[in-house]
Protein chains: 2
Amino acid sequence: MTLDFYKKNKKILLAVDCIIFGFNKEELEILLIQRDFEPEKGKWSLMGGFVEENESPGDAAQRVLKSLTGLDHIYMEQFAVFGNPNREPQERVVSLCYFALINTEILSTDYKAKWFKLEKCPPLIFDHNEMVVEAHNKLKKKAALYPILFELLSDKFTIPQITLLYEAIYQNQLDKRNFTRKLLASKLLIKLNEKDKENSKKGAYYYKVDKSIYKEKIISFLNFLPGWYGE
Amino acid sequence: MTLDFYKKNKKILLAVDCIIFGFNKEELEILLIQRDFEPEKGKWSLMGGFVEENESPGDAAQRVLKSLTGLDHIYMEQFAVFGNPNREPQERVVSLCYFALINTEILSTDYKAKWFKLEKCPPLIFDHNEMVVEAHNKLKKKAALYPILFELLSDKFTIPQITLLYEAIYQNQLDKRNFTRKLLASKLLIKLNEKDKENSKKGAYYYKVDKSIYKEKIISFLNFLPGWYGE
DNA sequence: AATAATTAGTGTCAAATTAACACTTATTTT
DNA sequence: AAAATAAGTGTTAATTTGACACTAATTATT
């Protein structure tokens with residue numbers, strides 16, 4: 001039994017960092033917390049923590065996010081590894097990065113995590129600002145290809161809301177006629193008999209996702225954004 | 001100085017595994033090696049190794065690949081983390097997965113790594129078969145969006161060769177007229193005054209990539225594959 | 001009661017892109 | 001000279017795209 005093989009190798013602290021984007025009705029935001037321990041105490045940071053013995057990195061990300069924000073069962077995707085030997089000054093830490101996009105409203109106020117407008121993201125500890133930039137790039141690509149964005153808009157949403165969301169992510173104006181046409185052409189949306197009257201006098205119809213179709217026939221959403229090309 | 005914070009946490013063995021796809025003229029292949037140490041000695045495996053103290057995971061992947069295959073400066077992309085606590089029986093190991101696509105010909109015969117047809121991939125150690133499936137899925141998506149595939153076809157290549165490559169990756173037939181038209185419409189290809197006469201009597205013109213355009217204007221290649229949708 | 005203000009919702013058309021389709025060309029072998 | 005092989009190319013109808021601006025529904029104001 002040659003366990004020696006494993007013994008020779010150095011173990012490493014393995015962390016997860018969660019980049020949580022939020023949207024409500026206007027702008028893309030990002031969730032941050034203030035470190036309450038050294039090093040870098042008091043500075044703003046992503047939600048992070050270490051992978052423990054009996055959990056997978058994905059589970060660790062879920063646990064860390066929940067413990068710091070109360071957010072549970074958020075689908076996150078691993079999108080990068082930051083593992084430069086000197087990225088943290090005190091000790092070597094390799095970080096696995098996960099991102100998600102949620103509705104800002106679902107964050108409970110019992111926690112200290114705070115939303116920042118993405119455009120006004122403060123300086124963060126270590127290399128966290130780079131992580132945010134990379135996550136935003138991934139989000140753009142992902143959103144172009146997959147209708148994931150509908151999921152975050154809770155159960156029901158209006159077409160103007162989706163439009164605003166895409167505009168926030170791509171920081172671009174969209175032609176609402178063309179965009180609506182494409183949305184509806186996907187046949188993923190079911191019109192409800194109910195209107196959102198909070199945001200306009202006329203009121204906008206709510207829609208929901210047709211999950212039966214959605215699961216199988218995942219559709220290419222590229223070119224939702226005219227003239228926009230990946231990366 | 002609260003270094004204790006770090007001390008409390010368990011360190012983990014961190015590995016990299018390299019999924020190297022190869023193509024020459026017909027089929028998509030995958031590079032494997034036979035383990036020459038326990039556990040699982042003698043079984044087929046991906047090229048893997050541990051991340052060492054003074055290297056980033058990306059550097060580790062490069063080092064491991066080079067030491068086992070001689071392949072150097074291969075662009076690999078991190079695409080998954082396999083970190084289930086029990087994925088290796090002897091000891092907990094979290095593995096970062098990287099993939100690349102190269103021309104099978106560039107592999108030197110001095111090494112023990114061996115090409116297998118992807119369709120005849122043998123049973124591999126641990127969860128390596130799952131890694132291969134995930135990598136293949138990523139490759140499909142990636143290839144649809146980016147012209148990366150030209151890069152692997154060394155300096156020059158013919159249009160029939162590219163067509164075969166895409167057909168191998170998507171395991172699908174392509175209409176050669178339509179596909180050629182799209183390739184040329186990208187304006188990424190420069191026709192050379194030289195023919196490949198090895199593969200046909202008539203001979204096919206070589207092309208090379210116009211790197212000056214390639215770098216900036218990365219073009220969406222989605223819908224290179226008619227009716228094909230992501231994932 | 002009429003008017004103004006606000007945002008939702010919709011249609012057309014010209015241009016570009018797509019997918020389906022089969023024959024000719026160049027060269028080598030026999 | 002004929003046969004074999006793989007390269008290379010063009011047309012057309014259908015679909016999709018992007019540019020464009022008005023009408024509809026409701027509420028607030030006067």
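In what follows, chains carry the letters A, B, and so on, assigned in the order in which the sequence lines appear, proteins first and then strands, with residues in each chain numbered from 1.
- The salt bridge (charged side-chain N to carboxylate O under 4.0 Å, His left out) contacts involving residues 118-135 of chain B comprise B:Arg87-B:Asp127, where partners must be two or more places apart or lie in separate chains.
- For B:Asn193, there are no side-chain hydrogen bond (donor to acceptor under 3.5 Å, both in side chains) partners, not counting sequence neighbours.
- For B:Asp175, counting side-chain heavy atoms from C-beta on, the closest listed nucleotide (C:dA20, C:dA8, D:dA7) is C:dA20.
- If you take NZ of A:Lys176 and C1' of D:dA24, they are 11 Å apart, rounded to a whole angstrom.
- Ring pair B:Tyr166/B:Phe179: centre-to-centre distance below 6.0 Å.
- Applying the side-chain hydrogen bond (donor to acceptor under 3.5 Å, both in side chains) test to B:Asn199 and every residue at least two apart in sequence or in another chain returns B:Asp196.
- Nucleotide D:dA7 holds its P atom 14 Å from the CZ atom of B:Phe179, rounded to whole Å.
- In this structure, the CD atom of B:Gln161 is 14 Å from the P atom of D:dA6, given to the nearest Å.
- Counting distance only, with no hydrogens placed and no angle test, the side-chain atoms of A:Arg181 and the base atoms of D:dG18 include a donor-acceptor pair under 3.5 Å.
- Residues passing the side-chain hydrogen bond (donor to acceptor under 3.5 Å, both in side chains) test with B:Gln78, sequence neighbours excluded: A:Gln78.
- Across the protein-nucleic acid pair, A:Arg177 atom CZ and C:dT12 atom C1' stand 10 Å apart, rounded to whole Å.
- If you take CD1 of A:Ile159 and P of C:dT7, they are 18 Å apart, rounded to a whole angstrom.
- Put simply, CG on A:Leu183 is 13 Å from C1' on C:dG9, counting in whole angstrom units.
- Rounding to whole angstrom units, NZ of residue A:Lys182 and P of C:dT17 are separated by 13 Å.
- The side-chain hydrogen bond (donor to acceptor under 3.5 Å, both in side chains) search around B:Lys66 returns B:Asp72, not counting sequence neighbours.
- Looking at residues 192-204 of chain B, you'll see B:Asn199, B:Ser200, B:Lys201, B:Lys202, B:Gly203, B:Ala204 sit with a heavy atom under 4.0 Å from some atom of DNA chain D.
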